[in-house]
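This report refers to the structure that appears directly beneath it.
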Amino acid sequence: NAGVTQTPKFQVLKTGQSMTLQCAQDMNHNSMYWYRQDPGMGLRLIYYSASEGTTDKGEVPNGYNVSRLNKREFSLRLESAAPSQTSVYFCASSVERGTGELFFGEGSRLTVL
Amino acid sequence: AQRVTQPEKLLSVFKGAPVELKCNYSYSGSPELFWYVQYSRQRLQLLLRHISRESIKGFTADLNKGETSFHLKKPFAQEEDSAMYYCALSGFGNEKLTFGTGTRLTIIP
């Protein structure tokens with residue numbers, strides 16, 4: 001089992017460009033999440049999806065959109081990248097809402113110039 | 001609002017010495033607390049949760065509701081304990097897991 005797989009692992013964008021981070025899990029989990037990790041700020045929740053077909057905003061949703069394509073996949077899109085979105089992005093999944101046990105991907109390092 | 005505070009960004013401890021990583025939280029309801037760990041070149045993973053009341057890799061953590069704390073402890077540090085540690089909180093049945101800013105633990109040989 002691969003667990004949670006994120007692509008790409010590294011990406012450099014220019015301000016204003018768009019891109020999509022892909023995430024897939026093979027554990028048949030219901031809930032999926034996108035976090036960003038910044039120095040001194042820990043992990044902050046961007047969006048989450050409690051189940052297929054639903055998405056909700058987290059702590060820092062501005063500038064992002066998400067799509068829960070199916071049970072396995074949860075993508076994060078930056079429509080017009082800004083330098084403030086330079087960060088490491090983590091996708092995670094859990095069996096169901098509220099369990100607290102998240103399984104994380106390896107992270108995607110995004111730099112916006 | 002839920003908040004997790006880890007006051008120490010960096011902590012260095014000699015091998016064999018006791019370790020305590022501090023975590024304080026703010027939450028109006030009944031909290032569920034967790035410790036996550038990220039070893040070098042590995043994924044962030046769950047270390048332990050307060051509900052389980054278990055010891056993992058020699059680490060324990062007790063939820064103190066009076067002091068709103070969930071400190072992580074180990075009596076004798078080992079070199080393989082060097083890692084980044086995050087304390088996290090969720091409300092009962094709440095999807096949102098709120099993380100602290102993390103503490104980087106370094107064990108000095």
Side-chain angles (χ1 to χ4, degrees), chain A residues 1-6 9 23 25-27 29-61 66 68 74 87-109, chain B residues 1-10 21-27 29-54 56 61 63 70 83-105:
Chain A
N1 284 346
V4 178
T5 304
Q6 294 179 229
K9 287 188 169 52
C23 175
Q25 52 91 8
D26 61 4
M27 296 175 283
H29 286 172
N30 288 315
S31 299
M32 297 185 73
Y33 312 81
W34 276 106
Y35 284 86
R36 59 178 288 174
Q37 183 185 45
D38 301 291
M41 304 198 72
L43 284 87
R44 292 181 292 169
L45 183 63
I46 305 171
Y47 270 94
Y48 66 97
S49 170
S51 61
E52 184 179 353
T54 68
T55 61
D56 285 287
K57 295 179 181 179
E59 184 184 353
V60 288
V66 290
R68 183 73 183 266
F74 188 39
S87 187
V88 180
Y89 292 84
F90 287 96
C91 179
S93 69
S94 64
V95 172
E96 59 185 52
R97 55 184 281 179
T99 63
E101 182 170 9
L102 271 56
F103 293 81
F104 283 85
E106 294 180 304
S108 298
R109 184 175 293 275
Chain B
Q2 51 195 64
R3 179 180 293 177
V4 177
T5 302
Q6 293 180 252
E8 304 139 328
K9 286 187 178 179
L10 304 170
L21 289 84
K22 291 184 167 52
C23 173
N24 289 90
Y25 68 89
S26 173
Y27 185 66
S30 182
E32 294 194 31
L33 276 297
F34 309 85
W35 277 99
Y36 277 77
V37 61
Q38 188 171 27
Y39 300 104
S40 180
R41 297 190 188 86
Q42 293 188 28
R43 303 178 187 213
L44 189 61
Q45 59 187 289
L46 178 67
L47 178 62
L48 55 79
R49 67 186 84 191
H50 90 270
I51 283 182
S52 301
R53 303 184 69 83
E54 57 194 347
I56 303 293
L63 178 59
F70 188 57
M84 191 75 174
Y85 291 81
Y86 291 95
C87 183
L89 171 151
S90 75
F92 183 76
N94 187 337
E95 296 91 345
K96 299 179 186 179
L97 194 62
T98 298
F99 286 83
T101 52
T103 298
R104 182 169 296 282
L105 175 65

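Here is how names work: the chains are called A, B, and so on, in the same order as the sequence lines, proteins then strands, and each is numbered from 1.
Across all their heavy atoms, A:Lys57 and A:Tyr47 have their closest contact at CG-CE2, 3.6 Å.
No other option in A:Gly105, A:Gly107, A:Gly40 has as many heavy-atom pairs under 4.5 Å with chain B as A:Gly105.
Atom CE of B:Met84 and atom CG of B:Leu44 lie 10.0 Å apart (nearest 0.5 Å). Note that CG of A:Asp38 and OG1 of B:Thr101 are 12.0 Å apart. Values are rounded to the nearest 0.5 Å.
Interface remark: A:Phe103 contributes no atoms to any contact with chain B (heavy atom separation under 4.5 Å). Interface remark: B:Gln42 contributes no atoms to any contact with chain A (heavy atom separation under 4.5 Å). Using a 4.5 Å cut-off between heavy atoms, A:Glu59 makes no contact with chain B at all.
Looking at B:Thr103, its side chain does come within 3.5 Å of a backbone N or O of B:Glu8 through a donor-acceptor pair.
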